[in-house]
Amino acid sequence: MTHGITRIEPPPEAAVTAIQQAPGLAALMTPQGQVVFLNSRARRELAGGGIRADWWDLWLTRERPRLASAVRDAAAGRTVRLPARRAAGPEGDWDVSVRPAHADAEGRVRFISANARPPMGA
């Protein structure tokens, strides 16, 4: 019995490597949006060195419903690109891409990646 704790499978090494090398603020998460890995820039700028439970919690409150919807779309196999604003950092809309990062043998999305690039001129 896990007593309400959800076990998260470890992400594939190739997905972690891709996030490590991604430009911008990059995250790897479960299909439910729980962050399992952030690249160094995202850990520093979004999470203050740590990882919070849900990816959309790293963004402005007003952005969270759209970002949660993008995660649901990626879990269904679609790629989503949208503008979003951070609570801190350069002013302006960040260019955010959310997409499936790894699927199992049956084609179910197991991990989602997100990459956010800064506003132009930042």
Side-chain angles (χ1 to χ4, degrees):
M1 187 170 179
T2 61
H3 300 288
I5 298 172
T6 303
R7 183 185 161 283
I8 299 173
E9 65 184 277
E13 190 62 35
V16 170
T17 299
I19 294 300
Q20 285 174 326
Q21 296 173 353
L25 308 173
L28 188 63
M29 67 194 96
T30 67
Q32 296 76 34
Q34 186 173 11
V35 174
V36 296
F37 184 78
L38 294 170
N39 70 358
S40 60
R41 182 175 179 188
R43 277 193 306 276
R44 188 176 56 252
E45 294 187 31
L46 286 177
I51 296 177
R52 298 182 188 163
D54 296 320
W55 178 70
W56 47 82
D57 288 339
L58 302 172
W59 296 84
L60 278 178
T61 301
R62 72 175 186 244
E63 301 289 4
R64 293 175 186 172
R66 291 184 321 114
L67 294 166
S69 178
V71 169
R72 286 190 299 276
D73 286 347
R78 294 182 291 278
T79 297
V80 179
R81 189 170 175 185
L82 68 156
R85 291 188 181 237
R86 292 182 40 207
E91 278 293 315
D93 290 331
W94 286 67
D95 180 19
V96 180
S97 296
V98 185
R99 63 179 45 98
H102 178 74
D104 64 17
E106 289 80 39
R108 293 180 303 235
V109 174
R110 294 311 222 187
F111 292 96
I112 294 168
S113 67
N115 190 21
R117 295 179 187 244
M120 292 299 233

Checklist line | I19 versus A27, closest heavy-atom pair with distance | finding: CD1-O, 3.4 Å

Margin query: Looking at L38, is its backbone amide N or carbonyl O close enough to the side chain of R43 to form a donor-acceptor pair, meaning the two atoms are under 3.5 Å apart?
Written below: yes

Next item on the list: Check the pair V16 / L28 against side-chain contact (heavy atoms from CB on, under 4.5 Å), numbers first and verdict last.
Entry: CA-CA 7 Å; V16 170; L28 188 63; 4.1 Å; yes

Next item on the list: Work out which heavy atom in P83 is nearest to a heavy atom in E63; give both atom names and the distance.
Entry: O-OE1, 4.2 Å

Item checked: CD on Q20 to CD on E13, rounded to 0.5 Å -> 7.0 Å

Next item on the list: Write down the atom of R41, the atom of L25, and the distance for their closest heavy-atom approach.
Entry: CG-CD2, 3.4 Å

Item checked: Point-to-point distance, once rounded to the nearest 0.5 Å, from CH2 of W55 to OG of S113 -> 10.0 Å

Note to self: So, taking the atom named CZ in R85 and the one named CG in L60, what distance separates them when rounded to the nearest 0.5 Å?
What the structure shows: 8.5 Å

Check: Does some side-chain heavy atom of I112 sit less than 4.5 Å from a side-chain heavy atom of V98?
Finding: yes

Checklist line | Partners passing side-chain contact (heavy atoms from CB on, under 4.5 Å) against N115 (at least two apart in sequence or in another chain) | finding: A22, P23, A26, R117

Item checked: Check: D57 main-chain N/O paired with R64 side-chain donor or acceptor under 3.5 Å -> yes

Check: Considering residues, nucleotides and ligands other than R108, do more than 12 of their heavy atoms fall under 6.0 Å from its CZ?
Finding: yes

Check: Could you walk me through whether L82 and D93 pass the side-chain contact (heavy atoms from CB on, under 4.5 Å) check?
Finding: CA-CA 9 Å; L82 68 156; D93 290 331; over 6 Å; no

Check: Mind checking whether W59 and W94 have parallel, tilted or perpendicular rings, split at 30° and 60°?
Finding: perpendicular

Notebook entry, point to check: What are the two closest heavy atoms between A84 and V96, and how far apart are they?
Noted result: CB-CG2, 3.9 Å

Check: Shortest non-hydrogen contact from P100 to A74?
Finding: CG-O, 3.4 Å

Notebook entry, point to check: Going through the checks in order, is the side-chain contact (heavy atoms from CB on, under 4.5 Å) test met by M29 and V36?
Noted result: CA-CA 5 Å; M29 67 194 96; V36 296; 5.5 Å; no

Next item on the list: Could you tell me whether a side-chain N or O of D54 sits under 3.5 Å from a main-chain N or O of W56, the two making a donor and an acceptor?
Entry: no

